[in-house]
Amino acid sequence: QVQLLESGGGLVQAGGSLRLSCAASGRTFSMYAMGWFRQAPGKEREFVAAFSWSGGSTYYLDSVKGRFTISSDSAKNTVYLQMNSLKPEDTAVYYCAAAKYPRVVALLNMDAYDYLGQGTQVTVSS
């Protein structure tokens, strides 16, 4: 089993920055990729960013490209999401997800992942 623990959420003004962290514990040695999703009130959960340890590929939601950066520290089994130039529409609960192996579905799809964290709230005030 793998446990994911997110941290770093909070309240920030528009234009500000936050860095989310996702620490994986348990059987992490075979992890293939990790990603971030978010869910705003009344909306469906959406993909934000993903990182694959196979080749170091990264993927982003179009609306966060140039503002968000996903990175990893393999020694700490941790993935980060640096969020800059935050906007009120970025307000959501952010979830970390982990995939044990590649699937037919792309990492943009929640079905590509095996584990999901509890989430951390990000609120951006205007």
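The basis for the numbers below is simple: all heavy atoms, side chains too, and nothing from hydrogens, waters or symmetry mates.
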Heavy-atom pair with the smallest gap, counting every atom of [X] and [Y]:
{"X": "Arg67", "Y": "Leu86", "value": "NH1-CA, 3.9 Å"}
{"X": "Ala112", "Y": "Arg103", "value": "O-NH1, 2.7 Å"}
{"X": "Asp111", "Y": "Asn109", "value": "N-OD1, 2.8 Å"}
{"X": "Val64", "Y": "Val48", "value": "CG2-O, 3.7 Å"}
{"X": "Ala92", "Y": "Ala40", "value": "CB-N, 3.7 Å"}
{"X": "Ala50", "Y": "Tyr113", "value": "CB-OH, 3.4 Å"}

Notebook entry, point to check: Pairs in or reaching into residues 42-59: which pass salt bridge (Lys or Arg N to Asp or Glu O under 4.0 Å), with residues at least two apart or in two chains?
Noted result: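 Counting only pairs at least two positions apart or across chains, the salt bridge (Lys or Arg N to Asp or Glu O under 4.0 Å) contacts touching residues 42-59 are Arg38-Glu46.
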Notebook entry, point to check: Taking the six-membered ring for Trp, are Tyr94 and Phe68 parallel (under 30°), tilted (30 to 60°) or perpendicular (over 60°)?
Noted result: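 Tyr94 vs Phe68 ring planes: tilted.
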Student check: side-chain heavy atoms of [X] and [Y] closer than 4.5 Å:
{"X": "Gln1", "Y": "Tyr115", "result": "yes"}
{"X": "Tyr59", "Y": "Ile70", "result": "no"}
{"X": "Cys22", "Y": "Trp36", "result": "yes"}

Next item on the list: Supply the atom-to-atom distance Leu5 CG to Ser21 OG, rounded to the nearest 0.5 angstrom.
Entry: 9.5 Å
Check: What distance separates Glu6 CD from Cys96 SG, expressed to the nearest 0.5 Å?
Finding: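 Separation between the atoms: 5.5 Å.
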Next item on the list: Please list, chain by chain and in numerical order, all residues satisfying side chain to side chain contact (heavy atoms under 4.5 Å, CB included) with Val93, sequence neighbours excluded.
Entry: Tyr95, Gln121
Side-chain atoms of residues 7-19: list all donor-acceptor pairs with protein atoms under 3.5 Å, sequence neighbours left out, distances to 0.1 Å.
| residue | atom | partner | partner atom | Å |
| --- | --- | --- | --- | --- |
| Ser17 | OG | Asn84 | OD1 | 2.9 |

Notebook entry, point to check: In this structure, which one of Tyr80, Phe51, Tyr60 forms a side chain to side chain contact (heavy atoms under 4.5 Å, CB included) with Thr69?
Noted result: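 Running side chain to side chain contact (heavy atoms under 4.5 Å, CB included) over Tyr80, Phe51, Tyr60 with Thr69 returns exactly one hit, Tyr60.
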Note to self: A quick test of your reading: do over 12 heavy atoms of other residues, nucleotides or ligands sit less than 6.0 Å from CD of Gln118?
What the structure shows: no
Notebook entry, point to check: Given the side-chain rings of Tyr32 and Tyr101, with only the six-membered ring counted for Trp, is the space between their centroids under 6.0 Å?
Noted result: no
Next item on the list: Please report the C-alpha distance between Thr120 and Leu20 in whole Å, then the side-chain angles of each, then the deciding distance to 0.1 Å, and finally whether the side-chain contact (heavy atoms from CB on, under 4.5 Å) criterion is met.
Entry: CA-CA 8 Å; Thr120 185; Leu20 305 183; 4.0 Å; yes
Item checked: Derivation of the salt bridge (charged side-chain N to carboxylate O under 4.0 Å, His left out) call for Asp90 and Lys87 -> CA-CA 5 Å; Asp90 293 319; Lys87 304 175 181 180; over 6 Å; no
